[in-house]
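Heads up, the thing below is written out as structure tokens.
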Amino acid sequence: MKCDNCNKTATVHLTEIKAGKKIEKHLCEACAAAAEGLPVKSHMPINELLTNFVMAHSGMAGKEPQTLQCDHCGMTWADFRQNGLLGCPNDYAAFERELTPLLQRAHDGATHHVGKQPARRGGTGLAVRRHVDVAKLRKELQKAVEGEDYERAAKLRDQIKQAEG
Amino acid sequence: MKLSDLTQHAGEWLRGSGPMSETVISSRIRLARNVAGFNFLTKCTRHQRQALEQKVRQVVLDADLAPQTLYVDLEQAPDVDRQLLVERHLISKPHAAAEGARGVAIGQDETVSIMVNEEDHLRVQVLRSGLQLTEAWEQISKIDDALEDKLDFAFHPRFGYLTACPTNVGTGIRVSVMLHLPALKLTGEIEKVFRAAKDLKLAVRGLYGEGTEATGDFYQISNQSTLGKAEDEIVEEFGRVVIPKIIDYEHHARKALVSEKAVALDDKVSRALGLLRNARLMATDETLLLLSHLRMGVHMGRVKDVDLRTINELFLLTQPAHLQKMQGKKLEGDVRRAARADFIRARLNGR
């Protein structure tokens, strides 16, 4: 997508609702920064800031790995960036590093799955024990402590200990 | 069960009797899943796509997920049937318009639908009337378990359930609630809801989901992030915090209308009823808007002689594919608008 003002690629996408009407703006970095009052990247998560910082200092800034390709399905990073859809489950491993900042933007800074897990994996057909979700238990523990529910907190602490073996 | 059996009445989700049904039309949860060992559909050959469709179709039908499961082969189905399924919220617009081997399984009074070969290999949906997110989550999680018993889903310890689009990865869950907010629209307060929803990183869409405008004061609110939060957390936050707040807000606006603008309110409602009972040509959007005002009037006790079930059914049965399916022929332009007006008059005048 091109910037509304110039011919550069638009990287800042804004949706404003004014008097019941939806206004969409697509701008490049420079035009977005020039436009007054636009909240450019005000919600940039800290990890992404750090990643950008490291990349800037290793001379990798701004270079998208266009030639990167999944050896399983043949999907290239450039193709994915154009269409927004991946080619196979292996792409998540093949493009892990490149996908991470995108995932953070789409998922409110999150990079790791929390929640339901399949009871069995890998096509072996063998049932495995449903994994106890330690991250979730920790969150609940924190809530219990905040709510001064120490009985529940103690129980959760034991569950976490057991799960971590 | 046949597809034509569906046209006579509205599905369970339009029953209009669920919790908070005066503002909440329906609660919907969908899960995106892909079968391990297959590419996503973008990189599937025609042959692989067919093999996948057959495999999933067999599993879905064998798993006996819901009594009386109907499977519709969408590659073979005529246009009007696919449109009918979109109007009933059983398939998405892109699924209706796509090409190649694909289908949908529908069961249990249309509360369950499983799209096969949409953007992901499986898109499982549970749709219930009123605010029933917890119930919907319990139901869909059981269906997911039953499917997982027969299929290996693509899963990664860090990324969770793997989906074609990274915006669905993780839980693959989309929780949406369809709200009817006519008073917030009339009082101009609806924009505050939009702003609040945006701050909470929620999407607000129209009646038929992605890319559709809000018509007839119906708004679909759904979560956007699927990674880093457990399913029950998302469901809980929605059902106990976000949606009740919006409902309160709508109720507040309705009360304000009665106390400050009762005559204008009754005028709006009476005009809607008058037009619906008398007009001879009716367009789809106009119908939705008038039914919306009438629905609000009935809920607020301003209109006594129309029941809610009739209104809810009219919302659905006046849609283009439903009208055409009921009449058994293609209807276009003024002929269709006349058929719609006739149908509404007959229903509202008790014939």
Side-chain angles (χ1 to χ4, degrees), chain A residues 14-22 43 45 70 72-75 79-80 83-93 95-96 98-127 130-131 133 135-137 139-140 143, chain B residues 31 33-44 119-120 141 144-145 147-173 185 188 190-192 194-195 198 200-201 204 213-214 223-234:
Chain A
L14 296 161
T15 307
E16 269 185 279
I17 293 165
K18 264 189 191 160
K21 283 196 182 137
K22 203 164 90 176
H43 296 297
C70 167
H72 181 79
C73 72
M75 176 65 81
D79 265 0
F80 162 68
N83 304 315
L85 293 176
L86 294 164
C88 76
N90 187 56
D91 288 359
Y92 280 94
F95 306 142
E96 181 161 358
E98 289 72 22
L99 274 172
T100 300
L102 291 188
L103 290 171
Q104 285 176 323
R105 269 201 293 277
H107 302 286
D108 214 1
T111 53
H112 284 73
H113 173 59
V114 178
K116 201 169 172 174
Q117 313 221 1
R120 56 199 187 109
R121 285 205 206 142
T124 59
L126 290 173
R130 216 170 257 279
H131 283 236
D133 204 328
K136 207 178 140 200
L137 288 176
K139 262 192 190 172
E140 280 182 38
K143 264 189 212 162
Chain B
L31 295 176
R33 298 286 186 259
N34 288 280
V35 182
F38 282 86
N39 283 347
F40 295 142
L41 291 158
T42 41
K43 287 282 180 192
C44 268
E119 188 179 284
D120 295 297
S141 187
D144 182 45
D145 290 345
L147 289 170
E148 201 210 301
D149 224 28
K150 301 270 187 277
L151 292 168
D152 283 311
F153 289 141
F155 186 88
H156 185 283
R158 176 182 162 193
F159 295 119
Y161 290 96
L162 302 178
T163 53
C165 182
T167 54
N168 296 314
V169 79
T171 53
I173 200 173
K185 182 71 189 297
I190 195 77
E191 281 175 43
K192 290 188 194 162
F194 291 159
R195 276 203 294 274
K198 215 178 131 195
L200 291 167
K201 299 240 159 50
V204 183
E213 286 297 309
N223 70 304
Q224 282 182 298
S225 88
T226 52
L227 197 64
K229 238 187 213 175
E231 296 87 347
D232 47 4
E233 245 180 292
I234 297 173

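In what follows, every chain begins at residue 1, and chains take the letters A, B, ... in the order their sequences are listed.
- Judged purely by atom type and a 3.5 angstrom limit, A:Lys116 has no side-chain atom pairing as donor or acceptor with the backbone of B:Asp144.
- For a residue to count as touching a neighbouring chain, one of its non-hydrogen atoms must lie under 4.5 Å from one of that chain's; by this rule A:Leu85 touches chain B with backbone and side chain alike.
- Per-residue counts of heavy-atom pairs under 4.5 Å with chain A were compared for B:Arg195, B:His156, B:Lys229; the largest is that of B:Lys229.
- Evaluated for a side-chain contact (heavy atoms from CB on, under 4.5 Å) with A:Thr111, the options A:Thr100, A:Leu99, A:Leu103 yield exactly one hit, A:Thr100.
- Between chain B and the options A:Gly87, A:Cys73, A:Gly84, the largest number of non-hydrogen pairs under 4.5 Å is found for A:Gly87.
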Please tabulate, one pair per line, all N/O donor-acceptor pairs under 3.5 Å involving side-chain atoms of residues 163-172 of chain B, not counting sequence neighbours.
residue: B:Thr163; atom: OG1; partner: B:Cys165; partner atom: O; Å: 2.8
residue: B:Thr163; atom: OG1; partner: B:Val169; partner atom: N; Å: 3.1
residue: B:Asn168; atom: OD1; partner: B:Arg30; partner atom: NH2; Å: 3.2
residue: B:Asn168; atom: OD1; partner: B:Arg174; partner atom: NH2; Å: 2.9
residue: B:Thr171; atom: OG1; partner: B:Ile173; partner atom: N; Å: 3.4
residue: B:Thr171; atom: OG1; partner: B:Thr226; partner atom: O; Å: 2.9

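- Aromatic ring pairs are classed by plane angle as parallel below 30°, tilted from 30° to 60° and perpendicular above 60°; the pair A:Phe95 and A:Phe80 is parallel.
- Neither the backbone nor the side chain of B:Asn223 comes within contact range of chain A; no heavy atom of the residue lies under 4.5 Å from a heavy atom of that chain.
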